[in-house]
Amino acid sequence: MMKRALPGPSPPSTNDPETSKEDKAAHIAIHDFKPSEDGDLKLIQGVAYRILGKKSEHRLLAENPNKTRGYFPSIYDKKKHGLEKYRWYYKDITRDRTKSILKKQAVEGSFLVRDSTSHPGLYTVSIYTETGKDRGDTVSHYHIMKNAKDMFYISHLHCFETIPELIHYHKHNSGGLITRLREPPNQLNKPTTADLDHSEWEIDPATLKICEELASGCFGIVYKGLFNGLPVAVKTMKDLSMSEAGFMDEARTMTQLSHPNLVQLYGVVTKTKPFCIITELMRNGALSTYLKRHKTTILKKSATMLDFCLQVCSGMVYLEQRGFIHRDLAARNCLVGENQVIKVADFGLSRYVLDDEYRSSVGTKFPVKWAAPEVLCYKLFSSKSDVWAFGILVWEIFTAGETPYGKMEYSEIVDYIVDSDKRLEKPDSCPELLYSLMKKCWSEKPENRPRFKDILRELHRLTDAADCPYIPH
């Protein structure tokens, strides 16, 4: 007797806030937000809200489905577009980082959906399972395909009109997958400013405790600290190293920026001395040091090195789009957090410009070995000089933290890249296609260098494009 097929689960309920097609609200909360002051609005991840206005650039007024109104930080808001409302959608993270996130979570059936790096326009489901240990891997990847009727599937036997319906089905049935889907991992890019007061940037020094020194630069010393018991990084201004106005410019710059690959500001101390800038603490320190410390391991993993480049570039795209020039982009000014998250830091030389270039005053210090020809010769900065520096940073990553140009002095570097038109040689671990991209970043004329958004697109094409397993028809 032929065995009857078991019926699949019912389609997702239309009352489910994650899958409702009737929800007309244009914005959703991408993380939970716990109110930290009177007038704040509690947010629940995935729930839609109506935006009513702004209190400031970083603080929105909204109304929830229960008609309760209040304020919340803008970094918790996302305009609703397709999959971005779901906890399991991680958009454009790389295959390598996907494996790292799921392995760190190490929960059977933990999964996420991401944009496919090897097949642009498609999506990939990545799943953690202990079953995979027999073949040396605990993370499996499956393309989400489309059939002739424009329906989504992983196995052609189970097709759905939407990806959320497909995910709902595979949460109840493996349907050809190595295991059924359980829950997505905890979001590792949750804004680190949760539960902090965003309406005012000024911090009461009494709530701040400064601990051991972490690093020292030209303009300031960075300490590990505690803010209301929360570990933070505290940057203080060195005496006579820069003007108080310059220090405040750096703090003001940071209040205008919020991106997963930029170090996030918590607040400032400006009413008493020493002046301080308080930011999230990146526990693994500077990327330059991290590369040297893990050189043997990192040089064996092209996907990891490419992912570092992608993360830095993503932060620089954000700066470029908003008219900011970093002017000191280098591995030493990028920080490493948990799960190898990379964030661009040190905006001490950042400057907002409307015409995309800035001629520095005579005597301004700048990093010679990361400087473009127009910076060396004319002290002329632009987003294209940041692109040049990014090329040097990529070279640093693929040499695991070596110093560009070795022990060359200023005049030798000028002769090398300006007069002789030479460039740094390709690192042994660097793919030819990536080195070609680096050389485009080092074009003599700024107008011939790519924009960061174009570099990001090329980096995605170069990431690990290993085929996902495909379930036969």
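Residue numbers count from 1 along this sequence.
- Put simply, the side chain of Ser429 gets close to the backbone of Phe398: a donor and an acceptor are under 3.5 Å apart.
- Annotation: side chain of Glu374 is in contact with side chain of Pro446 (closest heavy-atom distance under 4.5 Å).
- Within 6.0 Å of CD in Glu425 there are 12 or fewer heavy atoms belonging to other residues, nucleotides or ligands.
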Worked check of salt bridge (charged side-chain N to carboxylate O under 4.0 Å, His left out) between Asp454 and Arg451: CA-CA 5 Å; Asp454 301 318; Arg451 297 189 63 178; 5.6 Å; no

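- Residues Asp415 and Tyr410 have side chains that never bring a donor and an acceptor to within less than 3.5 angstrom of each other.
- Taking the centre and axis of the six-membered ring of Trp395, the NZ or CZ atom of Arg423 falls outside the cone set by 45° and 6.0 Å.
- A salt bridge does not link Glu213 to Lys224: none of the charged side-chain nitrogens sits closer than 4.0 Å to a carboxylate oxygen.
- Checking each of Ile392, Leu393, Leu319 against Leu329 for a side-chain contact (heavy atoms from CB on, under 4.5 Å) leaves exactly one that passes, namely Leu393.
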Stepwise salt bridge (charged side-chain N to carboxylate O under 4.0 Å, His left out) test for Glu320 and Lys453: CA-CA 9 Å; Glu320 179 183 63; Lys453 67 176 184 179; over 6 Å; no

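- Each of Lys235, Arg327, Arg332 was compared with Asp346 under the salt bridge (charged side-chain N to carboxylate O under 4.0 Å, His left out) criterion, and only Lys235 meets it.
- Contact record, Val341 with Pro260: CG1-O, 4.5 Å, taken as the closest heavy-atom pair.
- The backbone N or O of Ser443 lies less than 3.5 Å from no partner atom in the side chain of Asn448, so there is not a single donor-acceptor pair.
- Asp307 and Gln311 form a side-chain donor-acceptor contact under 3.5 Å, judged by distance and modelled atom types alone.
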Audit row: Leu310, Arg97, side chain to side chain contact (heavy atoms under 4.5 Å, CB included) steps and yes/no: CA-CA 11 Å; Leu310 268 165; Arg97 280 198 70 212; over 6 Å; no

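- Side-chain N or O atoms of Lys301 include none that pairs as donor or acceptor with a backbone N or O of Asp96 at under 3.5 Å.
- The neighbour count for Asp428 CG, taken as heavy atoms of other residues, nucleotides or ligands under 6.0 Å away, does not exceed 12.
- Looking only at atom types and distance, the side chain of Ser126 has a donor-acceptor partner in the side chain of Arg114 under 3.5 Å away.
- The aromatic rings of Phe72 and Tyr49 sit tilted, their planes meeting at an angle between 30° and 60°.
- The side-chain tip of Arg322 points at the ring of Tyr318 from less than 6.0 angstrom away and within 45° of straight on.
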